[in-house]
**Q** 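Input: one structure, supplied below.
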Amino acid sequence: MKPRSFRLAKPRIFAVAGLGAGIALLLLAWGQHDRIAAETQDVYKDLETFSNVLSIIQRSYVEEVDTREVVDGAIKGMLGALDPHSSFMTPDDFKELQMETKGRFTGIGIEITMKDGILTVVSPIEGTPAFKKGLKAGDRIMKIEKDFTKDMSLTEAVKRLRGPKGTEVTISVHREGWTELKEITIVRDEIPIHSVRSRNLEPGYLYVRVSNFQSETTRDLRKAVDTYAEKEAVQGMILDLRNNPGGLLDQAVKVSDLFLEDGLIVSTKGRIKDQNMTFKAHRGGDEYTFPMVVLVNEGTASASEIVAGALRDHKRALVLGAQTFGKGSVQTIIPMDDGSGLRLTTARYYTPNGTSIQAKGVVPDIIVPSTITYAKLDADKEKQREAWLVREKDLRRHIANGQGEEDEESAGEEPAVEEPNGDNDNSGEDQDAEFRKQLEKDPQLNTALLMLKGLHVLGNNP
């Protein structure tokens with residue numbers, strides 16, 4: 001809404017400077033009051049229009065309507081008009097969110113977003129029914145059961161995909177290179193989100209995969225490192241944040257704090273003062289001083305970008321992989337009196353060197369393109385690679401970077417990576433044949449291990 005313009009009359013010049021300044025301030029205050037009053041009046045007119053429309057629907061619609069559902073729909077539309085990450089949650093949706101942040105829900109196990117009005121897979125969660133059925137990042141879910149997902153809200157899609165353990169849901173999927181939709185029936189299961197998985201790469205070299213940031217992530221990560229360190233000295237660690245969609249901000253801060261002695265981790269800036277915050281590392285506790293490489297790709301988003309950005313800016317770790325998703329905004333969860341909730345974008349976050357990665361992403365220190373198998377990708381299909389990727393800047397109504405920077409693409413990047421399905425194996429034994437095959441097919445992880453050995457030789461100086 002464009003505020004009504006106003007003009008201040010030029011004040012007379014008085015001999016007493018203080019009096020002139022006071023009158024100028026008074027006139028300015030009057031002008032601001034006039035503008036605010038005009039905006040308030042416009043809002044009341046809009047609310048009156050909404051009330052009239054609701055009254056017409058109640059009176060004239062072909063069938064009797066549930067007023068609560070209509071109002072909830074209006075609120076969802078209002079939040080949906082802001083940006084891709086703001087939304088309204090019904091009481092049931094709010095309860096599901098609370099369960100998910102605690103690390104458990106029932107469903108098929110995928111992270112999804114909307115791109116061009118189509119439900120698109122950001123990444124499957126490792127070990128879940130969707131992962132076992134072969135769903136991949138970039139897959140487009142065209143239908144859930146018999147209903148098309150075109151312009152279906154994310155909240156509605158999540159609700160349709162989740163359900164009681166043991167029940168089935170059929171989705172119709174389109175993937176780059178397929179000539180027709182493929183129906184996939186998936187049995188829902190409890191999705192315990194084990195956000196931290198680890199294993200021994202080689203003697204002295206630890207691999208830790210963080211799939212998302214939930215309430216126990218920092219504790220589990222510390223436990224994984226300490227358990228390994230009890231058996232042999234850690235000469236280096238790979239922190240894999242690929243296809244990590246984010247999660248809790250405080251956990252991203254605490255994970256970063258494990259590896260930093262001091263300094264800024266992340267800052268947030270919003271319209272109101274309460275949203276301007278800084279989070280710093282603290283000295284003390286166990287210090288992990290071994291060399292580190294952080295793996296990122298197109299699915300690395302939000303909280304995982306905070307960790308990658310902090311460790312990169314402090315030169316604590318070498319960041320390797322593909323340019324990240326670029327979700328540099330903070331969502332605040334606001335409970336409502338009736339049990340519903342708002343997920344509202346309230347601030348942008350900035351890496352320690354003051355860079356906003358919103359709609360831009362973290363550019364790795366060393367770029368190693370992600371790999372994916374294409375079915376006879378010819379010259380014509382080469383143009384479709386960019387459409388396959390889903391990043392923040394591709395989403396409708398995404399908020400701007402905030403620093404006047406153009407979105408950048410890293411040369412040679414391709415879609416999602418096929419990554420190792422790590423387990424909680426800290427035994428220090430040699431890698432099994434399956435994992436070695438995965439390592440050979442994963443150029444990002446393979447390169448990270450080589451770089452990590454180099455950092456160890458150089459004394460952890462990225």
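Residue indices begin at 1 and follow the sequence shown. Just the heavy atoms: all of them, side chains too, but no hydrogens, waters or symmetry mates, feed the values below.
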**Q** To the nearest 0.5 angstrom, please state how far the CZ atom of F213 sits from the OG1 atom of T218.
**A**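 Rounded to the nearest 0.5 Å, the CZ-OG1 separation comes to 8.0 Å.
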**Q** Would you mind checking if D72 and R68 are paired as a salt bridge, meaning a charged N to carboxylate O distance below 4.0 Å?
**A** yes
**Q** Atom CG of L445 and atom CG of L201: how far apart are they, to the nearest 0.5 Å?
**A**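 It comes to 6.0 Å.
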**Q** Locate the shortest heavy-atom distance separating I186 from I108; write the atom from each residue and the value.
**A** CG2-CG2, 3.7 Å
**Q** Q444 vs S370, test: side-chain hydrogen bond (donor to acceptor under 3.5 Å, both in side chains). Steps then yes/no.
**A** CA-CA 7 Å; Q444 291 175 334; S370 302; 3.2 Å; yes
**Q** Decide yes or no on side-chain hydrogen bond (donor to acceptor under 3.5 Å, both in side chains) for T185 and T170, but give the supporting numbers first.
**A** CA-CA 4 Å; T185 299; T170 299; 3.0 Å; yes
**Q** Can you spot which of D257, I265, V266, L264 makes a side chain to side chain contact (heavy atoms under 4.5 Å, CB included) with K280?
**A**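 Among D257, I265, V266, L264, the one that satisfies the side chain to side chain contact (heavy atoms under 4.5 Å, CB included) with K280 is L264.
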**Q** For the residue pair T217 and Q251, confirm or rule out a side-chain donor-acceptor distance under 3.5 Å.
**A**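 There is no such pair between these side chains.
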**Q** Looking at E145, I'd like to know if its CD atom is crowded, meaning that more than 12 non-hydrogen atoms belonging to other residues, nucleotides or ligands lie closer than 6.0 Å.
**A**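 Yes, CD of E145 has more than 12 neighbouring heavy atoms, counting only those of other groups under 6.0 Å.
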**Q** Could you measure the distance from the CD1 atom of I334 to the CG atom of L342? Nearest 0.5 Å is fine.
**A**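 If I round to the nearest 0.5 Å, the distance is 5.5 Å.
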**Q** Test Q331 against S329 for side-chain hydrogen bond (donor to acceptor under 3.5 Å, both in side chains), laying out the working first.
**A** CA-CA 7 Å; Q331 282 67 48; S329 61; 3.1 Å; yes
**Q** Kindly say whether I399 contributes a backbone atom to a donor-acceptor pair with the side chain of Q358 at under 3.5 angstrom?
**A**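 Yes, because the side chain of Q358 sits within donor-acceptor range (under 3.5 Å) of the backbone of I399.
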**Q** Going by atom types alone, do T113 and T120 pair a side-chain donor with an acceptor below 3.5 Å?
**A**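 No.
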**Q** Taking all heavy atoms of G109 and all of T128, pick out the closest pair and write down the distance.
**A** O-OG1, 3.1 Å
**Q** Does R199 reach the main-chain N or O of R209 with its side chain, forming a donor-acceptor pair under 3.5 Å?
**A**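 No, R199 side chain to R209 backbone: no donor-acceptor pair under 3.5 Å.
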**Q** Within the distance-only criterion (no hydrogens, no angle test), does the side chain of S256 pair as donor or acceptor with the backbone N or O of A252 below 3.5 angstrom?
**A**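 Present.
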**Q** Are there more than 12 heavy atoms of other residues, nucleotides or ligands under 6.0 Å from atom CZ of R271?
**A** no
**Q** Looking only at the side chains, is there a donor atom on one of D92 and T90 sitting less than 3.5 Å from an acceptor on the other?
**A** no
**Q** Would you call D189-K132 a salt bridge at under 4.0 Å N-O?
**A** no
**Q** State the OG1-CD1 distance between T346 and I333, to the nearest 0.5 angstrom.
**A** 9.5 Å
**Q** Determine the sole option in V319, L241, V362, V296 for which the side chain to side chain contact (heavy atoms under 4.5 Å, CB included) test with V307 is passed.
**A** L241
**Q** To the nearest 0.5 Å, tell me how far L119 CG sits from M142 CE.
**A**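 The CE atom of M142 is 10.0 Å from CG of L119, to the nearest 0.5 Å.
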**Q** Would R242 and D442 satisfy salt bridge (Lys or Arg N to Asp or Glu O under 4.0 Å), going step by step from the backbone distance to the final call?
**A** CA-CA 12 Å; R242 293 175 297 178; D442 189 341; 3.0 Å; yes
